[in-house]
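Structure first, commentary second.
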Amino acid sequence: MSSRELIEDVKVPLLKDLDSKDDGENDDLARRVWIESKKLWHILGPSIFSRLASYSMLVITNAFAGHLGELDLAAISIANNVIVGFDFGLLLGMASALETLCGQAFGAKKYHMLGVYMQRSWIVLFVCCVLLLPIYLFATPVLKLLGQPSDVAELSGIVSLWMIPLHFSFAFQFPLQRFLQSQLKTGVIAWVTLAALLVHVIVSWLLVYGLHLGVVGTAITINFSWWVLVFGLLGYTVCGGCPLTWTGFSIEAFSGLWEFVKLSAASGLMLCLENWYYRILILMTGNLKNAKIALDALAICMTMNGWEMMIPLAFFAATGVRVANELGAGNGKGAKFATIVSVVTSIIIGLFFWLLIMFVHNELALIFTTSKLVLEEVNKLSVLLAFTVLLNSVQPVLSGVAVGSGWQSYVAYINLGCYYLVGVPMGFFMGWVFHLGVMGMWAGMIFGGTALQTLILAIITIRCDWEKEAEKANKQLKKWAANTSRNNGNVVSDNAI
């Protein structure tokens, strides 16, 4: 049954003999919201858990490093947030092309194409990982060139070398996750992630306190845990978990690669411009006086923000899947309604975390450090952290709509303008010219970049013609299917695909 048919089946018929027409409409709306919410949370619930668990691995790593010493915390924070963060955003964004393609193909019941798309993504992301490898190999001189303290740069470079296996795990884990997500198999992602988290806790304790490997032990642990994720998801996929969408390795994966690279590059640019934005804030902070204290405080705030950000990112993924599924099924109104329900739900959750951070930020910071100087600096930054969380309850959801609709290239230009032509210069002026330090830089980047980008995406989404988007999705699916068939020297019907 298609998404359109499912929605039609559950509509409440209008009863002409009722005087209270408004009550009937309200009942119909309430039922539609309930049905859409169930669809959304079917994807969202496991996605939130799996993302929180994945990010908790980084939080646990930072916590172990923080209790080793301030230098260790600064080094692991720079390695995670700058070096790994640089390619994490790009590769995650490139894999997000699958949310458009797999989501729409699944909605259109072209199941065979999901496996082909994932294999293409593996090829493209692996090549990209090879090209990005020098970032890890030459991390120390790059960080010194960017003005980081010498001791922090040296130790961060050593940690970065140990994180090269983690770097290559992204090429396989991100496409696998989106492949499963697009066909609503989010439960298996949650279970595999839980297993990886448990492994991470045990191995972290063993390497740091048992074998006394220090900060290098934390880096080795994160590698091991993420490859557990890769092999767990891959094992489920190839061992019969996806009989409709995985039919084995196919030569079709090597066809149409250039078109796939272009969409992946647009997706990567869109997401990495967002992801790199706050990495620039960390680098700018490293050039301030008392940089270690400022870096530690900002790293703690960014870790808390990143932890909570897993919820909006789950909304990003779930909204992208819902919108793509509805557009692939030719249901523009369903895509619009899915967007509204997702945005409202995310804002409600964002308000809750805004209040939580405003009142208990000190208690959360104690997870990472007992230094009074660092805790005082975290206290100063807590208001900015709270408003960042609130803005992030809207922006990723709208980005998810863009991914589900295939607007990545347009959003990339918006991100470039908002973040780098407005936000970064404003943060620089408030931090350096007006001498407001890390608070000024962060405030300028939030209100100059993130808020402006959110406003523009909201206007685009409100003005969108969803029926035209459904027609475009249908044409795009036929084009991709035709290209695949042509490149393999035969014609495959839509039903066969």
Side-chain angles (χ1 to χ4, degrees), residues 70 73-74 77-78 81-82 85-86 89 142-150 152-153 272-306 308-309 350 354 357-359 361-362 364-365 368-369 371-395 413-458:
E70 291 180 357
L73 176 58
S77 298
I78 289 289
N81 290 297
V82 179
F86 179 84
V142 169
L143 290 172
K144 287 181 178 179
L145 186 64
L146 293 172
Q148 299 305 297
S150 180
V152 174
C272 74
L273 287 173
E274 297 177 18
N275 195 269
W276 292 346
Y277 191 48
Y278 290 104
R279 316 301 172 191
I280 292 173
L281 175 60
I282 293 171
L283 288 172
M284 290 169 67
T285 303
N287 290 280
L288 295 173
K289 293 180 180 179
N290 298 319
K292 287 182 184 177
I293 299 299
L295 272 174
D296 284 350
L298 185 62
I300 289 170
C301 288
M302 288 294 102
T303 299
M304 287 192 284
N305 177 60
E308 191 280 335
M309 186 68 176
W354 179 80
I357 290 171
M358 290 292 286
F359 290 106
H361 54 271
N362 277 338
L364 292 172
F368 307 98
T369 185
S371 169
K372 290 183 179 180
L373 291 175
V374 176
L375 289 172
E376 287 174 5
E377 192 69 23
V378 170
N379 186 56
K380 294 176 185 177
L381 296 174
S382 61
V383 174
L384 291 175
L385 174 61
F387 278 99
T388 301
V389 165
L390 190 58
L391 273 174
N392 284 340
S393 67
V394 181
Q395 182 271 332
Y413 286 115
I414 293 168
N415 290 354
L416 181 63
C418 293
Y419 288 144
Y420 297 94
L421 299 183
V422 179
V424 170
M426 187 176 291
F428 176 80
F429 275 102
M430 291 184 70
W432 291 88
V433 178
F434 296 106
H435 306 291
L436 295 176
V438 65
M439 287 190 68
M441 289 188 292
W442 193 354
M445 293 174 75
I446 290 173
F447 298 110
T450 308
L452 179 61
Q453 184 237 24
T454 303
L455 177 62
I456 293 173
L457 286 179

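- In this structure, the side chains of Tyr419 and Val424 stay at 4.5 Å or more apart for every pair of heavy atoms.
- Between the side chain of Asn379 and the backbone N or O of Leu375, no donor-acceptor pair lies under 3.5 Å.
- Residue Leu457 comes nearest to Gln395 through the heavy atom pair CD1-O, 4.4 Å, listed as atom of the first residue, atom of the second, then distance.
- When the side chain to side chain donor-acceptor pair (under 3.5 Å) test is applied to Glu308, no partner is found at least two apart in sequence or on another chain.
- Looking at residues two or more places apart in sequence or on another chain, you find no ring pair (Phe, Tyr, Trp, His ring centres under 6.0 Å) involving Phe447.
- Atoms CZ and CE, from Phe434 and Met441 in turn, are 14.5 Å apart once rounded to the nearest 0.5 Å.
- Using a 4.5 Å heavy-atom cutoff, the side chains of Val378 and Met304 are in contact.
- Partners of Ala386 under the side-chain contact (heavy atoms from CB on, under 4.5 Å) rule, at least two apart in sequence or in another chain, are Trp354, Ile357, Met358.
- When all heavy atoms are compared, the tightest approach of Lys144 to Ser150 is CE-OG, 3.7 Å.
- Scanning both residues, Leu143 and Ala153, for their nearest heavy atoms gives CB-CB, 3.9 Å.
- In this structure, Leu421 CG and Leu416 CG are separated by 5.5 Å, a value rounded to the nearest 0.5 Å.
- Between Met445 and Thr450 the shortest side-chain heavy-atom distance does not fall below 4.5 Å.
- Minimum heavy-atom separation, Leu384 to Trp442: CD1-CB, 3.9 Å.
- Taking CG from Asn415 and CD from Gln453, the interatomic distance works out to 4.5 Å, rounded to the nearest 0.5 Å.
- Every side-chain contact (heavy atoms from CB on, under 4.5 Å) that Val394 has, sequence neighbours left out, goes to Ile347, Leu398, Thr454.
- For Ile456, the side-chain contact (heavy atoms from CB on, under 4.5 Å) partners at least two apart in sequence or on another chain are Ile414, Cys418, Leu452, Ile460.
- Ser393 and Gly350 get closest at one heavy-atom pair: CB-CA, 3.6 Å.
- Between the SG atom of Cys301 and the CG atom of Leu385 there is a distance of 5.0 Å, given to the nearest 0.5 Å.
- Looking at residues two or more places apart in sequence or on another chain, you find no side-chain contact (heavy atoms from CB on, under 4.5 Å) involving Tyr413.
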